[in-house]
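Working notes, structure below.
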Amino acid sequence: MTSRHVPSPSRRTVVRAAAATAAAVPVLAASATTAAPASAFASSEAAPAPAFLHGVASGDPLPDGVLLWTRVTPEPGAEPGSGRGADTPVRWEIAEDREFTAIAASGTTHASAASDHTVKADVRGLRPATSYYFRFTASGEGGGTTEVRSPVGRTRTAPATGANVAGVRFGVVSCANWEAGWFSAYRHLAARADLDAVLHLGDYLYEYAAGGYPTQGAALREHRPSHEILNLADYRLRHGTYKTDTDLQALHAAHPVIAIWDDHEFANDAWSDGAQNHTPGAEGVWERRVAAAKQAYFEWMPVRASTEGTVYRRLRFGKLADLHLLDLRSFRSEQASIGSGSVDDPERTVTGRAQLDWLKAGLAGSDAVWKLVGTSVMISPVAFGALPAHLLKPLAGLLGLPKEGLAVNVDQWDGYTDDRRELIAHLRERGISDTVFLTGDIHMAWANEVPVRAATYPLSPPAATEFVVTSVTSDNLDDILKVAPQTVSLVAAAAVRAASRHVKWVDMDSHGYGVLDVTAERSQMDYYVLSDKTAKDSTSSWARSYRTRRGTQRVERADRPVR
């Protein structure tokens, strides 16, 4: 999420068999009972060793494999980023039953300080479209007789590449600010047994110092470290802090997670050579900060790095869907100055030339019914209609617009229009249909048709559709204005829709998550909202659903969720 409104600190119905539902309960229960509270670090001197204080996770499912992850605390006090603790032998096991009576694969590795005692196992030789259970066992005292077993996690492989798949279903989330609320959205997604994976679209964590990002009043819980994160130890500790959250641990234990980063995994409004929230000199060399952030990310996240050492990559779910995942921070040009006209400069890029060519080739070469694109920032253009002054300023802040209301969001594709024009022209010229962009970033939920020419829409055609999910906790309009949801924001939503006719719906207030259900006939996003992000026991309810039917590139409202 771009957060220029911030005073800168220095700146899917396919329901699994009943057995699968029953099996989910003990997994989640085990996760809940072994999850470490945020205070675990403070009391880790008294904790047994070795220990699994950060849960288990899996990610990036393939037809024959999945990536497994955990972190071992090798000795009391060996918190993330500390460098403390000897190499620890670790055994991993994966099976089709929770009792592990028939091991499908196993292996051994070591947790060492070089990787912050995180462990990854890229398991292959598994069966497609199959649920598995996995666990780790750590040996203490340099491989001695003391053994500690991790919580049990559940994961699922992708369908075979050429399989005719009836459906696939993803949870979709983004923007989780530790200090702004509890991660209830993760708990509700963890409780579902019908998801193939969870797609995290960025801002998994935030880089700010404690209290440095706006919340409703005082922060509910403080970031660790308390200062803005700048070096490898800082990023490691911040990742470790997030993974002590019980709801986040439950999510990772229940489903494979497919993640990309946005800016806050580095610093606000990051671009290839800097960020809004980075002061050269005072905060060190940007390249070193980025290298530290990326190292910590790949250590702590169940993500396979691409051959370029970044997160743009492609996953396939049978013949039904290809999922193209983008990195829109590592290669982009610096954000344009508002009103400078440089947003149209063909020399400026949000994707970088190699990544854009990779995406275009992947979309053109795909034989999947649906081409899903995971993008951290919104591709649909945004314009304002007339707004009263008291709404213009906070909304402009959320969207990254100047307070005077000029209709351009320079941190999103609005600030890099040549890349957008090239991609949309490619979709039209090559006859590529059924492309759906899946987006996070702006702490609001949207359902958009991506226009070829926004100014003449709907007289001109749509090229794709876009579903944007709101934040897990990060502030949106009602938080900033400190008013009840769905009150004053209705005026702003109406103004945006009037000026941007390709926008079919926008919710500027709610926090929650999405569930994307994909079949051969349609792709549907169900939007769920939380009752109160500041309550640990926050409930979740269905708010709205939108779908795009195959071959239409149009968005329509659905009258019920898929489940």
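The structure displayed is predicted, hence computed values, not measured ones.
- Judged by distance alone, the side chains of Arg156 and Ser131 do bring a donor and an acceptor atom under 3.5 Å apart.
- For the pair Arg544 and Tyr527, the cation does not sit on the ring face, since its NZ or CZ is not both under 6.0 Å from the ring centre and inside 45° of the axis.
- Taking the charged nitrogens against the carboxylate oxygens, Asp559 and Arg557 have no contact shorter than 4.0 Å, which rules out a salt bridge.
- Taking CZ of Arg420 as the start and CD of Gln412 as the end, the distance is 10.0 Å to the nearest 0.5 Å.
- With salt bridges taken as basic N to acidic carboxylate O contacts below 4.0 Å, one links Glu556 and Arg547.
- By the 4.0 Å N-to-carboxylate-O rule, Asp517 lies close enough to Arg522 to be salt-bridged with it.
- No side-chain heavy atom of Asp60 sits under 4.5 Å from any side-chain heavy atom of Leu62.
- Looking at Arg187, its side chain does come within 3.5 Å of a backbone N or O of Lys536 through a donor-acceptor pair.
- Judged purely by atom type and a 3.5 angstrom limit, His188 has no side-chain atom pairing as donor or acceptor with the backbone of Tyr513.
- Taking a cutoff of 4.0 Å between a charged side-chain nitrogen and a carboxylate oxygen, Asp411 and Arg332 qualify as a salt bridge.
- Ion pairing of Arg127 with Glu96 is present here, as a side-chain N (NZ or NE/NH1/NH2) and a carboxylate O approach within less than 4.0 Å.
- Salt bridge present: Asp367 and Arg316 bring a charged side-chain N and a carboxylate O closer than 4.0 Å.
- Taking CG of Asp441 as the start and CG of Asp262 as the end, the distance is 5.0 Å to the nearest 0.5 Å.
- Met378 places none of its side-chain heavy atoms less than 4.5 Å from the side chain of Asn409.
- Salt bridge status for Asp322 with Arg314: absent, with no side-chain N to carboxylate O gap under 4.0 Å.
- Here the NE2 atom belonging to His502 is positioned 14.0 Å from the CZ atom belonging to Arg453, to the nearest 0.5 angstrom.
- Residues Ser538 and Trp182 have side chains not in contact (no heavy-atom distance under 4.5 Å, counting atoms from C-beta outward).
- For Arg353 and Asp419, the salt-bridge test fails: no basic side-chain N is under 4.0 Å from an acidic carboxylate O.
- Using a distance-only test at 3.5 Å, with no hydrogens or angles considered, no donor-acceptor pair links the side chain of Arg501 to the main chain of Pro458.
- A donor-acceptor pair under 3.5 Å is formed between the side chain of Glu265 and the backbone N or O of Tyr204.
- Counting heavy atoms from C-beta outward, Ser330 and Trp261 have side chains that approach closer than 4.5 Å.
- With ring centers used as reference points, Tyr546 lies 6.0 Å or more from Trp446.
- Residues Trp300 and Tyr242 keep their aromatic ring centres 6.0 Å or farther apart.
- Proximity of Trp413 to Val377: side-chain heavy atoms (C-beta onward) are separated by under 4.5 Å at one or more points.
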